[in-house]
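Remember, it's 1-based here, ligands and their atoms both numbered in the order they're listed. Numbers here are sequence positions counted from 1.
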Amino acid sequence: MPVGARAVPQPQAAVPFLWANPDPMHDFCYRGDKLYCEGLPVERLAKEFGTPLYVYSEHTLTEHFRRLDSSMASIEHTICFAVKSNSNLAVLKTLAALGGGFDIVSAGELQRVMAAGGEPGRCVFAGVGKSESEIELALRRGIYSFTAESEPELRRIDRIAGRLKKVAPVAVRVNPNVAAGGHRKITTGTYENKFGLAQEEIEGVYERAAKLRHLRLRGIQMHIGSQITEVAPFAKAVGKVLPLVKRLQQRHGLEFFSIGGGLGIVYDPALASGSPEWWKTAQAREILTPAKYAARLLPLLEPLRMRILMEPGRFISGNGGILVTRVQYLKRTGKKTFVIVDAAMNDLIRPAFYEAYHEIVPLRRRNGARISSDVVGPICESGDYFCRDRPLPSLGEGDYLALMSAGAYGSVMASNYNSRPLPAEVLVRGRRAAVVRRRQPTQETWRGEALAPWQS
Ligand SMILES: *Cc1c(COP(=O)(O)O)cnc(C)c1O
């Protein structure tokens, strides 16, 4: 389902619990009339730490990792969490402790992983534009493999490895030319975008790379897009490149095949709660679960006898976090009701950037009539909204709301636009909560800036 699209009309009645999913995968739900994160009422966190506030559930993060991990148990595999989806040190530490590796896309992410106690030897380094200094750092720290996206990059890695008297482990990213992913800004697996190399070219690339003396051809990688909510595109892409992978494995002794990330999550419980019998609908049957993913892919991958890497980001972090915000004002103009909140597009840009859908629920459940509302932030941009014309309970100044499924591509994309400080982040385990990023002091938003000498 496309990001932000609605499969069924919005529910008019209060939902018994969020994502009443037969395969429940997160720990944010109502108890009585209060929204809880694990064992804590979220409102208590909002009052203690202020808003806007990201709240992460350690159990949800762990559970997603474990389920994917155990569903693939029959083959040798490594889950390399895509750091770009949520790079908070405490989140990385949680996943490192489970034995996870990391999919990184910059030297900064490598340094973060190490700061969180993750091992460079479990990192794969992707991205089309790796700089000399990034390659050098990754080689010095000993990453598991580069994911090279072009021949000039392979030559550059070889040259730098030679200079450092090292051998660089590399994989090449193959583009399987399968269209997938919910939005044009997040599809990556077709020949029309900048990622990877065309399947037809790959064998030639490996032949030439095999002649570069400072490279070790360690694997092959693909990643077809993000927020893919069905298994079919994954199976199609793996099936398409499989013969190529086998030939390369035989010829160059490759050790691993990374099938990338991109597993989608449920953002829109309308999918799930449109009717009490929702789980019998075709859409519900289509919801991607680790079990379905594994059931389709394992028969393809088992015969390879290679180490399989997965690079999920959103699947692990997405439903593991929410963004809590507080209503500042209500404003009625003509036929519209605007709920003006204290979070904005600088805190969570997905609705503005990808037209993404985030479920919005009050921290105290309300019954009664719903009012078609726009939830908007204080930033001076018409794009600064979280939802439009959505039936929400009647709200008042000071009420707290949660933007659900904000754990992936949320805080990592936050900016200081409008000189707004970055929000605080809290990690919850059971009944304990810890600030894992303090709210940025306002003076820090201009740290590093200076007046020109002629201005003083
Ligand atoms: C972004 C990215 C991922 C993770 O994507 P998700 O949709 O968050 O799972 C994995 N691999 C690569 C190479 C990526 O660029």
Side-chain angles (χ1 to χ4, degrees), residues 1-3 25 61 64-65 67-68 77-88 91-92 95 100-106 108-110 113 122-130 138 143-150 153 170-176 178 180-190 193-197 219-231 233-234 237-238 241 256-267 288-290 293 297 308-321 350 353-354 356 405-413:
M1 195 182 74
V3 173
M25 293 266 280
L61 297 168
H64 282 75
F65 182 96
R67 287 201 193 192
L68 189 57
H77 68 274
T78 306
I79 298 178
C80 294
F81 174 65
V83 174
K84 75 175 188 283
S85 74
N86 189 320
S87 59
N88 184 287
V91 170
L92 301 183
L95 299 168
F102 297 94
D103 172 46
I104 56 169
V105 293
S106 70
E109 286 192 351
L110 176 57
V113 165
R122 298 177 78 76
C123 289
V124 285
F125 189 175
V128 295
K130 300 173 194 80
I143 62 162
Y144 177 65
S145 183
F146 289 93
T147 305
E149 308 226 19
S150 67
E153 182 189 331
V170 295
V172 175
R173 178 164 175 176
V174 53
N175 185 333
V178 169
H183 187 275
R184 71 193 150 75
K185 286 187 186 162
I186 56 176
T187 175
T188 62
T190 73
N193 60 60
K194 68 181 178 185
F195 298 102
L197 291 166
I220 179 160
Q221 192 264 8
M222 64 170 208
H223 171 71
I224 54 176
S226 201
Q227 185 51 14
I228 301 166
T229 50
E230 304 155 61
V231 187
F234 294 107
V238 169
V241 303
F256 77 89
F257 174 25
S258 173
I259 57 175
L263 293 88
I265 61 169
V266 177
Y267 278 101
L288 188 77
T289 61
Y293 181 78
L297 296 184
I308 300 302
L309 263 55
M310 285 162 284
E311 304 166 357
R314 187 192 315 265
F315 181 77
I316 288 174
S317 54
N319 281 335
R350 298 188 67 258
F353 193 26
Y354 309 113
S405 314
Y409 307 104
S411 67
V412 283
M413 289 195 188

Exercise. For the side chain of Glu311 and the backbone of Cys80, is there at least one donor-acceptor N/O pair under 3.5 Å apart?
Worked result: no

Exercise. Does the ring center of Phe315 lie less than 6.0 Å from the ring center of His64?
Worked result: yes

Exercise. Does any donor atom in the side chain of Tyr267 or Arg314 lie under 3.5 Å from an acceptor atom in the other side chain?
Worked result: yes

Problem set entry | Any donor-acceptor pair under 3.5 Å from Ser87 side chain to Lys84 backbone | no

For this session: Heavy-atom cut-off of under 4.0 Å around ligand 1: list whichever protein residues fall inside it, by chain and number.
Result: Ala82, Lys84, Asp103, Ala126, Arg173, Gln221, His223, Ser226, Gly261, Gly262, Glu311, Pro312, Gly313, Arg314, Tyr409

Exercise. Which of parallel (below 30°), tilted (30 to 60°) and perpendicular (above 60°) describes Phe256 and Tyr144?
Worked result: tilted

Exercise. Hey, which of Val412, Asp103, Ile104, Leu92 is the one that makes side-chain contact (heavy atoms from CB on, under 4.5 Å) with Glu109?
Worked result: Ile104

